[in-house]
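Single-structure report; data block below.
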Amino acid sequence: MLDLKVLRERPQWVKQRLATRGGDYPIERILDLDTRRRHLIAELDRLRHERKTLSEEIGRLKRQGQDPEDLVSRVKLLGERIKALEGELREVEGEQKRLLLELPNLPHESVPVGEDEKDNQVVKRWGDLPQFDFKPRPHWEIGVELGILDFERAAKITGSRFTVYYGAGALLERALINFMLDLHIRKHGYREVLPPFMVNEETLIGTGQLPKFKEDLFKLEDWDYYLVPTAEVPVTNLHREEILPEEVLPLYYTAYTPCFRSEAGAHGRDTRGIVRQHQFNKVELVKITTPETSYQELESLLLDAEEVLQLLGLPYRVMLLCTGDLGFSAAKTYDIEVWAPGQGRFVEISSCSNCEDFQARRANIRYRPRSGGKPRFVHTLNGSGLAVGRTVMAILENYQQPDGSVVIPEVLRPYMGGLERITRE
RNA sequence: GGAGGGGUGCCCGAGUGGUCGAAGGGGGCCGACUCGAAAUCGGCUGUGCGGGUUAGCGCCCGCACCGGGGGUUCGAAUCCCUCCCCCUCCGCCA
């Protein structure tokens with residue numbers, strides 16, 4: 001949520017910055033409502049003050065045994081007027097809030113202006129692309145042939161965009177989760193969280209998935225609960241409606257959860273393989289920081305995510321997203337894209353964002369400055385560290401051998417009972 | 001699922017429909033005492049919104065907030081309705 005004060009003071013500037021994302025936003029309408037809202041509040045305060053004073057007077061008269069009847073009828077009229085204005089105020093505030101909740105975050109100054117992903121900038125490359133003396137195959141062929149991935153039975157028991165893993169495939173997934181968590185906990189100083197995989201509506205409003213992106217979520221029938229689309233949602237909301245002492249900041253959390261996404265609007269995209277699924281595993285990184293440090297924390301969060309790929313020996317590049325490709329809540333985002341030789345392209349495997357105070361405002365997460373004084377909104381950051389299914393994909397494609405087997409990266413072997421290679425089962 | 005109890009400020013805890021933003025305690029902060037500390041004594045100790053003032057920290061005025069929402073009333077922490085959460089007992093259960 002944007003700061004109404006900023007909206008009020010610099011409407012043209014806000015409009016311009018939002019315009020760089022593309023689309024049109026009802027700034028004037030929000031400001032009109034704001035003017036009306038403030039008039040109503042001023043008037044209501046005045047009337048309530050009068051009612052309070054007169055009501056006290058009534059009490060005083062009654063105690064003195066006098067009959068305050070004309071005062072009572074006068075205050076009764078006041079009460080009716082107040083009730084009417086309160087109704088009006090509720091409506092105005094409701095509409096203003098609805099509109100405000102649908103405005104995306106302002107892009108940070110350092111974000112390149114652009115239309116869509118073609119304007120994203122490559123800011124870093126790591127690793128040499130593997131050379132094959134045969135034609136590298138896509139993971140869906142490798143995985144099915146090894147007998148570790150099964151798309152047909154997944155479609156039977158559930159539907160499209162689901163996968164069954166068997167044997168070393170299931171083990172690889174589980175090993176990656178543990179490897180990533182251990183790295184972030186032991187080396188990078190994050191605290192492990194295992195949150196609920198279902199969350200309520202308030203929580204989804206807090207991080208920005210609702211009200212605007214309901215169609216991307218799975219909702220339970222007869223319950224106001226949704227399946228989490230990412231651990232960012234439950235973890236960032238841990239501190240919703242809280243005032244944290246500055247001493248505890250920055251908070252570093254890492255969480256493994258499955259993620260559930262409807263992928264509405266992605267029909268026909270990435271239909272083969274495990275790249276785009278309705279359910280996938282992810283280890284997420286979440287940071288809660290002061291406004292002063294959030295951008296340096298974003299850089300270190302990115303490095304924490306990159307290190308996973310480095311240790312696994314998977315080549316990647318880092319993209320700085322342009323304004324037109326930014327997510328709703330993000331002010332600045334780096335995507336990490338891993339090399340997928342079987343498909344001959346880079347595939348997004350992590351997205352690291354600074355949301356500044358956008359989510360903090362929605363979720364009302366604040367901190368009390370060390371020096372005392374008023375609570376301020378924290379900054380929230382999140383990043384994948386990493387998407388596990390896509391990591392499996394990248395391992396299968398980058399470590400594939402001419403005989404169809406797949407070598408397991410050394411750092412994972414302790415997590416897989418010493419297994420060095422996946423061969424046909 | 002059945003029966004009952006409860007949600008008040010950073011924490012504990014009192015509260016009669018009117019002077020309660022809320023007693024009392026604890027904690028914390030400031031000051032006094034002390035070489036210093038403990039103990040003791042005094043003072044302070046919320047959030048949001050609207051308005052005013054300031055170069056600014058801030059300050060002043062008003063309104064709202066005693067789990068959320070709605071209602072009764074001239075007036076609600078206090079009465080009524082509804083939802084949420086927590087606790088105890090019984091039943092069921094991974």
Side-chain angles (χ1 to χ4, degrees), chain A residues 1-9 30-101 194-206 210-211 219-220 222-226 234 237-249 290-292 357 360-378:
Chain A
M1 197 157 65
L2 299 183
D3 187 353
L4 249 180
K5 268 193 212 103
V6 173
L7 216 61
R8 222 156 33 212
E9 284 158 19
I30 291 172
L31 289 175
D32 284 349
L33 288 166
D34 191 53
T35 309
R36 266 187 75 199
R37 184 180 66 87
R38 285 186 298 158
H39 280 151
L40 284 168
I41 288 173
E43 179 69 1
L44 268 172
D45 280 2
R46 204 179 58 75
L47 292 173
R48 282 198 276 238
H49 178 62
E50 200 178 336
R51 177 178 68 182
K52 192 175 175 183
T53 316
L54 294 179
S55 287
E56 280 165 10
E57 179 66 14
I58 290 170
R60 205 169 308 130
L61 289 174
K62 279 199 167 168
R63 251 171 284 126
Q64 290 170 2
Q66 297 184 37
D67 179 16
E69 199 180 318
D70 25 314
L71 252 192
V72 169
S73 55
R74 210 174 120 200
V75 178
K76 194 166 189 166
L77 280 174
L78 259 183
E80 281 159 16
R81 176 108 180 98
I82 287 170
K83 196 162 284 181
L85 288 184
E86 280 174 342
E88 214 174 307
L89 181 63
R90 245 199 308 276
E91 270 179 43
V92 169
E93 282 183 331
E95 189 183 348
Q96 186 182 37
K97 179 134 202 218
R98 265 194 302 284
L99 293 175
L100 221 41
L101 283 177
L194 184 62
F197 300 160
M198 295 177 207
V199 292
N200 61 34
E201 198 169 292
E202 277 300 304
T203 295
L204 285 155
I205 289 172
L210 287 180
K219 183 175 190 295
L220 273 72
D222 298 327
W223 289 79
D224 280 332
Y225 295 158
Y226 297 78
N237 276 280
L238 285 173
H239 298 293
R240 180 148 52 83
E241 307 290 342
E242 288 184 19
I243 301 175
L244 303 159
E246 183 174 351
E247 287 68 30
V248 307
L249 301 180
T290 60
E292 287 72 23
D357 64 5
R361 224 173 261 291
R362 293 176 155 247
N364 198 23
I365 308 169
R366 294 172 294 172
Y367 73 98
R368 172 102 44 201
R370 219 183 294 271
S371 56
K374 298 244 174 190
R376 304 169 67 200
F377 288 111
V378 298

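In the text below, chain A, chain B and the rest are named by the order of the sequence lines, each starting its count at 1.
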For this session: For rU45(B) and rA23(B), measure between their P atoms and round to the nearest Å.
Result: 11 Å
Seminar exercise, completed: Heavy-atom closest pair (L220(A) atom, M198(A) atom, distance to 0.1 Å) is CD2-SD, 3.6 Å
List, with names and distances, any nitrogen or oxygen atoms from the protein found under 3.5 Å away from nitrogen or oxygen atoms belonging to nucleotides 16-21 of chain B.
| residue | atom | partner | partner atom | Å |
| --- | --- | --- | --- | --- |
| rG18(B) | N2 | S55(A) | O | 2.8 |
| rU19(B) | O4 | R63(A) | NH1 | 3.0 |

For this session: Could you walk me through whether E88(A) and R36(A) pass side-chain contact (heavy atoms from CB on, under 4.5 Å), step by step?
Result: CA-CA 10 Å; E88(A) 214 174 307; R36(A) 266 187 75 199; 3.5 Å; yes
Problem set entry | Whether R37(A) side chain and E93(A) backbone form a donor-acceptor pair below 3.5 Å | no
Pairs under 3.5 angstrom, nitrogen or oxygen only, protein versus nucleotides 78-87 of chain B, please.
none

Exercise. Can you tell me how far CG of L85(A) sits from CD1 of I82(A), rounded to the nearest 0.5 angstrom?
Worked result: 8.0 Å
Problem set entry | Any donor-acceptor N or O pair under 3.5 Å, side chains D32(A), T35(A) | no
Exercise. When all nucleic acid strands are considered with a 4.0 Å heavy-atom cut-off, which category describes R81(A): base, sugar-phosphate, or nothing?
Worked result: nothing
Could you run down the sub-3.5 Å N/O contacts of the protein with nucleotides 46-49 of chain B?
| residue | atom | partner | partner atom | Å |
| --- | --- | --- | --- | --- |
| rU47(B) | OP1 | R368(A) | NH1 | 2.6 |
| rU47(B) | O3' | R366(A) | NH1 | 3.1 |
| rG48(B) | OP1 | R366(A) | NH1 | 3.2 |

Exercise. Taking the same atom, P, in rC86(B) and in rA94(B), what whole-Å distance lies between them?
Worked result: 22 Å
For this session: For L71(A) and rC74(B), give me the distance from atom CG to atom C1', rounded to whole Å.
Result: 9 Å
Seminar exercise, completed: Interatomic distance, NZ@K97(A) vs CD1@I205(A), rounded to 0.5 Å, equals 7.0 Å
For this session: Using atom CG of L44(A) as one end and atom P of rG51(B) as the other, report the distance to the nearest whole Å.
Result: 14 Å
For this session: Search all heavy atoms of E201(A) against all heavy atoms of L210(A) and return the closest pair with its distance.
Result: CG-CD1, 3.5 Å
Exercise. How close do V92(A) and L33(A) get, heavy atom to heavy atom, and via which atoms?
Worked result: CG1-O, 3.4 Å
For this session: Within residues 195-202 of chain A, find the residues that approach RNA chain B with a heavy atom at under 4.0 Å, and present them sorted by residue number.
Result: none
For this session: Please report, rounded to the nearest Å, how far the C1' atom of rG75(B) is from the CG atom of L77(A).
Result: 15 Å
Exercise. Of I243(A), T290(A), D357(A), I365(A), which is the lone residue that meets side-chain contact (heavy atoms from CB on, under 4.5 Å) with V378(A)?
Worked result: I365(A)
Exercise. Of all heavy-atom pairs between A363(A) and R240(A), which one has the smallest distance, and what is that distance?
Worked result: O-CG, 3.1 Å
Exercise. RNA chain B: R8(A) or R48(A), which has the more 5' nearest nucleotide?
Worked result: R8(A)
Exercise. How many angstroms lie between atom CG of L4(A) and atom CG of L31(A), to the nearest 0.5 angstrom?
Worked result: 8.0 Å
For this session: Starting at atom CD of Q96(A), determine the distance to atom C1' of rG50(B), rounded to an integer number of angstrom.
Result: 13 Å
For this session: Convert the base pairs of RNA chain B into dot-bracket notation, remembering that pairs crossing earlier ones are written with [ ] and that bases paired across to another strand are shown as |; include only Watson-Crick or G-U pairs under 3.5 Å.
Result: ((((((((.[[[..)..(.....]]]((((((.......))))))((((((((....)))))))).[[[[[..)....]]]]])))))))....
Exercise. C1' atom, rA64(B) versus rC12(B): distance in rounded Å?
Worked result: 26 Å
Exercise. Is E91(A) atom CD crowded by more than 12 heavy atoms from other residues, nucleotides or ligands, each under 6.0 Å away?
Worked result: no
For this session: Please lay out, stage by stage, how V75(A) and E57(A) fare under the test side-chain contact (heavy atoms from CB on, under 4.5 Å).
Result: CA-CA 11 Å; V75(A) 178; E57(A) 179 66 14; over 6 Å; no
Problem set entry | Student check: side-chain heavy atoms of R51(A) and R81(A) closer than 4.5 Å | no
For this session: Sticking with atom P, work out how far rU78(B) lies from rG70(B), rounded to a whole angstrom.
Result: 14 Å
For this session: Taking S73(A) for its side chain and D70(A) for its backbone only, find out whether a donor-acceptor pair lies under 3.5 Å.
Result: yes
Exercise. Would you call R48(A) and K52(A) a side-chain contact if the rule is heavy atoms closer than 4.5 Å?
Worked result: no
Problem set entry | Distance, C1' atom - from rA76(B) to rA22(B), rounded to whole angstrom | 13 Å
Problem set entry | Over all atoms of both residues, closest heavy-atom pair of N237(A) and E202(A) | OD1-O, 4.4 Å
Exercise. To the nearest 0.5 Å, what is the distance between CG (L78(A)) and CZ (R74(A))?
Worked result: 7.5 Å
Taking N or O atoms only and anything under 3.5 Å, show me the protein contacts with nucleotides 66-73 of chain B, one pair per line.
| residue | atom | partner | partner atom | Å |
| --- | --- | --- | --- | --- |
| rG70(B) | OP1 | R90(A) | NH1 | 3.1 |
| rU72(B) | OP2 | K83(A) | NZ | 2.8 |

Exercise. E246(A) and P369(A): which non-hydrogen atoms are nearest, and at how many Å?
Worked result: OE1-CA, 3.2 Å
Problem set entry | Whole-angstrom distance between rC83(B) and rG26(B), as gauged at atom P | 41 Å
Problem set entry | Pairwise C1' distance, rG46(B) and rC66(B) [rounded to whole Å] | 12 Å
Exercise. Are H49(A) and rG62(B) close enough that a side-chain N or O sits under 4.0 Å from OP1 or OP2?
Worked result: no
Exercise. Mind checking the C1' distance from rU34(B) to rU40(B)? Whole angstroms is fine.
Worked result: 12 Å
